[in-house]
Amino acid sequence: MTVRVRIAPSPTGDPHVGTAYVGLFNWLYAKKHGGQFLLRIEDTDQVRSTPESERSIMRAMKWLDLAYDEGPDIGGPCGPYRQSERTEHYRKHTQLLLDKGAAYRCFCTDERLGLMRERQKAAKLPPGYDGLCRSLSKEESDRRAAAGEKFVVRMKIDKSGKTIVKDVLRGDIEFSHVEIDDQVLMKSDHFPTYHLANVVDDRLMGITHVLRAEEWISSTPKHVLLYEAFGWPAPVFCHLPLLRNADRTKISKRKNPTSLDWYRAQGYLPEALINFLALMGFAPAEGEGSEIFDRAQLMARFDLDKISLGGPVFDLTKLEWLNGEWIRRLPADVLAERIVAWIANDGPAELRASAPPLDFVKKVVPLIQERMKKLSEWDEWTDYFFKESVVLTKEAFRRAKLPPPQLAAVVTACADLLAPHGEIVPTRDEPALRELAGKLGVKVGDLFMALRVAITGKSATPPLLESMALLGAAKSVARLRAAAKFLAESDPGEL
RNA sequence: GGCCCUAUCGUCCAGCCUGGCUCAGGACAUCGCCCUCUCAAGGCGGAAACACGGGUUCAAAUCCCGUUAGGGUCACCA
């Protein structure tokens with residue numbers, strides 16, 4: 001039997017990091033076993049589903065390279081892959097359940113249901129449908145439906161039994177039927193609920209393994225009962241732990257960035273996000289060595305029983321580190337291309353408007369590659385290359401630890417030394433500047449700090465001489481002169 | 001609250017199934033040192049955990065029970 005798994009997001013907002021997490025494990029499992037990975041859009045909530053959300057989900061899956069074998073945009077043998085286009089299947093299967101007596105129409109109004117819940121709450125009874133419409137005769141049910149009365153279809157649960165859910169990671173989980181509500185299967189708009197659509201589609205699409213989030217565990221007995229009612233074998237269930245906020249609640253928008261679009265806009269590499277998500281679930285390394293893994297390595301090491309069950313706290317700090325690792329591992333030219341593409345597609349508007357040319361980015365990349373943790377840091381590391389002049393502050397010069405008049409003299413001396421050259425040559429000019437520091441009686445570090453601030457406006461930058469070389473001798477010298485002027489006009493007592 | 005799931009350093013993960021080799025290993029973060037024109041990167045080192053209580057056993061992080069804690073779920077949302 002070939003493995004068929006799926007990811008079934010509902011298109012009701014930004015593409016969620018949890019979708020990527022569950023998607024990754026499904027993808028790994030499918031590919032490891034030579035099976036298929038499908039994307040099914042669960043848009044049965046007519047109020048909240050949007051086409052934009054669906055598009056952004058598919059775009060995010062492509063960004064992460066979690067390629068699906070079948071899906072709404074590429075089709076496949078079990079289509080359509082959008083539940084809103086499969087209503088005939090659900091209608092037919094609901095009728096089947098009705099005919100078998102495994103489900104019944106419920107004509108209760110929202111008002112009555114609301115009242116019922118209030119009373120249950122007041123009486124401290126477990127909430128759930130009270131079963132009023134269970135006893136309706138077939139004749140009455142048919143008559144009222146035919147008369148156009150609004151109804152939903154509910155699952156008829158035999159309250160005396162119990163159902164065992166077999167979970168790959170947790171073993172048998174037992175649920176007594178008294179805890180299982182007569183779940184709505186078909187809403188009054190004749191769209192199915194998740195429970196029905198999910199079971200029918202998984203069956204019709206030949207899904208063999210359901211790897212989904214842990215939050216589904218408590219509704220799984222309903223699904224198992226549905227498979228039984230239809231007379232179908234149930235797929236293998238495997239519930240994945242939920243990603244958590246720092247306070248250990250289920251990961252949420254308010255407490256964590258959850259949108260995959262945000263990660264892309266921040267300049268995280270898809271390779272790094274995937275690597276990170278994998279690390280949240282299992283340990284590919286068996287304890288030793290590197291934690292950097294590409295797709296092929298993950299696939300080779302992945303297995304369902306290696307998934308750890310504790311809900312992992314989503315730790316952005318570690319993701320940043322991993323992203324830096326991946327950035328450093330990229331060939332310099334590739335990084336340059338990624339940066340240019342990121343600016344063009346995801347960069348802030350101002351940056352897009354004055355996007356640097358690829359060949360210049362390629363020259364800058366060697367200076368920043370090991371410093372950069374995210375592509376979005378491009379601008380803060382390199383802005384001084386693109387400005388006509390740099391903003392100088394006394395605050396920035398303070399790290400050179402010399403009074404302004406002396407600083408001015410040092411900067412001027414450096415400018416004089418470099419001015420005759422048409423270009424800056426680090427191997428020649430750096431030793432010359434060191435020697436100059438000795439002659440002037442200042443520390444080498446202080447001299448370079450003074451230059452650094454004069455050239456870039458800040459005290460933490462990529463390598464100085466290389467930066468000046470790229471900037472060009474003329475601009476460099478001009479900035480030194482400007483700095484000397486600024487310093488000469490500063491309060492002489494200022495440290 | 002009922003039901004269900006989970007429980008090793010601040011965080012992620014290993015060890016647990018097949019008890020002893022573990023006064024528990026790796027990674028991120030953190031602290032210190034080295035390297036160094038800054039910032040990084042890199043190297044070296046430090047601090048840091050088996051939730052608690054009972055069993056079982058010659059021996060338990062590892063097996064069993066309970067407690068506690070955290071989480072999920074109880075919709076005509078998925």
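These numbers come from the heavy atoms of this one structure, side chains and all, not from hydrogens, waters or symmetry mates. Naming: A, B, ... by sequence-line order, numbering from 1 per chain.
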Set of side-chain hydrogen bond (donor to acceptor under 3.5 Å, both in side chains) partners for A/Asp247, sequence neighbours left out: A/Thr249, A/Lys255
Touch class at under 4.0 angstrom, heavy-atom based, for A/Arg170 against every strand present: sugar-phosphate
Sugar-phosphate only, base, or nothing, as touched by A/Val152 at under 4.0 Å among non-hydrogen atoms: base
Exercise: identify the closest heavy-atom pair between A/Tyr90 and A/Ala197: CE2-CA, 3.6 Å
By side-chain contact (heavy atoms from CB on, under 4.5 Å) - contacts of A/Val425 (at least two apart): A/Glu423, A/Thr427, A/Arg428, A/Asp429
N or O in side chain of A/Lys124 less than 4.0 angstrom from B/G2 OP1/OP2: no
With A/Gln297 via side-chain contact (heavy atoms from CB on, under 4.5 Å) - residues at least two apart: A/Phe293, A/Asp294, A/Arg301
Closest to the A/His195 side chain, choosing from B/C39, B/U6, B/A78: B/A78
Interatomic distance at C1', B/A48 relative to B/C31, whole Å: 11 Å
Phosphate OP1/OP2 of B/C13 contacted by A/Ser308 side-chain N/O (<4.0 Å): yes
Rounded P spacing from B/C5 to B/C9 in Å: 22 Å
Interatomic distance where CZ belongs to A/Phe276 and P belongs to B/A29 [whole Å]: 12 Å
Sugar-phosphate, base or nothing in reach of A/Thr44, heavy atoms under 4.0 Å: sugar-phosphate
Within residues 11-22 of chain A, residues whose heavy atoms come under 4.0 Å of RNA chain B: none
Distance, P atom - from B/G66 to B/G43, rounded to whole angstrom: 48 Å
Short side-chain N/O contact to B/A27 OP1/OP2 from A/Ser290, under 4.0 Å: no
For A/Ala454 against A/Ala483, the heavy-atom pair lying closest together: CB-CB, 3.4 Å
Heavy-atom donor-acceptor pair, A/Ser188 side-chain to B/C76 base, under 3.5 Å: yes
Rounded interatomic separation in angstrom, taking CZ from A/Phe397 and P from B/U38: 17 Å
Contacts of type side-chain contact (heavy atoms from CB on, under 4.5 Å), residue A/Ala409, not counting sequence neighbours: none
Watson-Crick and G-U pairing of RNA chain B written in dot-bracket, each distance under 3.5 angstrom, with | for inter-strand partners: (((((((..((((......[....)))).(((((.......)))))....(((((..]....))))))))))))....
A/Tyr129 six-ring face occupied by A/Arg154 cation (under 6.0 Å, within 45°): yes
A/Leu322 CG to B/A27 P, straight-line distance once rounded to whole Å: 13 Å
Contact pattern, 5' to 3', of nucleotides 61-71 of chain B - B, S or - by protein heavy atom under 4.0 Å: ---------SS
Closest heavy-atom pair and its distance - A/Lys222, A/Met155: O-CE, 3.2 Å
Minimum-distance nucleotide (side-chain atoms of A/Arg371 versus B/C39, B/A78, B/C28): B/C39
From B/U38, B/G1, B/A78, nucleotide with atom closest to A/Tyr194 side chain: B/A78
Partners meeting side-chain hydrogen bond (donor to acceptor under 3.5 Å, both in side chains) with A/Lys253 (sequence neighbours left out): none
Reference residue A/Pro192; test side-chain contact (heavy atoms from CB on, under 4.5 Å); the match among A/Asp201, A/Thr44, A/Val153: A/Thr44
Of the listed nucleotides B/C76, B/C39, B/C4, the one nearest the side chain of A/Thr193: B/C76
Sugar-phosphate only, base, or nothing, as touched by A/Arg154 at under 4.0 Å among non-hydrogen atoms: sugar-phosphate
Separation of atom CE in A/Met155 from atom P in B/A75, rounded to whole Å: 15 Å
Any A/Arg117 side-chain N or O less than 4.0 Å from OP1/OP2 of B/C76: yes
Of the listed nucleotides B/C3, B/C77, B/U11, the one nearest the side chain of A/Val313: B/U11
Separation of the P atoms in B/C21 and B/C17, to the nearest angstrom: 13 Å
A/Asn245 CG to B/U11 P, straight-line distance once rounded to whole Å: 14 Å
Distance, rounded to the nearest Å, where A/Glu466 contributes CD and B/U36 contributes C1': 13 Å
A/Gln183 vs A/Thr317, nearer the 5' end of RNA chain B by closest nucleotide: A/Thr317
Sugar-phosphate, base or nothing in reach of A/Pro463, heavy atoms under 4.0 Å: base
Side chains of A/Tyr104 and A/Asp182, donor plus acceptor under 3.5 Å: yes
Non-neighbouring partners of A/Glu430 that pass side-chain hydrogen bond (donor to acceptor under 3.5 Å, both in side chains), sequence neighbours left out: A/Arg434
Closest-nucleotide ordering on RNA chain B, the 5'-leading residue of A/Leu465 and A/Pro312: A/Pro312
Integer angstrom distance from the P of B/G15 to that of B/U22: 16 Å
Touch class at under 4.0 angstrom, heavy-atom based, for A/Glu325 against every strand present: sugar-phosphate
Touch class at under 4.0 angstrom, heavy-atom based, for A/Glu291 against every strand present: base
Nearest-neighbour nucleotide for the A/Ile217 side chain, B/C4, B/C3, B/C13 considered: B/C4
Touch class at under 4.0 angstrom, heavy-atom based, for A/Asp181 against every strand present: nothing
A/Lys318 vs B/G26: side-chain N/O to OP1/OP2 distance below 4.0 Å: no
Residues that A/His89 engages under ring pair (Phe, Tyr, Trp, His ring centres under 6.0 Å), provided they are two or more places apart: none
Sugar-phosphate only, base, or nothing, as touched by A/Leu279 at under 4.0 Å among non-hydrogen atoms: sugar-phosphate
d(CD, A/Glu430; P, B/U38) in whole Å: 10 Å
For A/Glu377, side-chain contact (heavy atoms from CB on, under 4.5 Å) partners two or more places apart: A/Met372, A/Lys373, A/Lys374, A/Glu380, A/Trp381
Separation of B/C4 P from A/His177 NE2 (nearest whole Å): 13 Å
Non-neighbouring partners of A/Phe151 that pass ring pair (Phe, Tyr, Trp, His ring centres under 6.0 Å), sequence neighbours left out: A/Phe107, A/His190
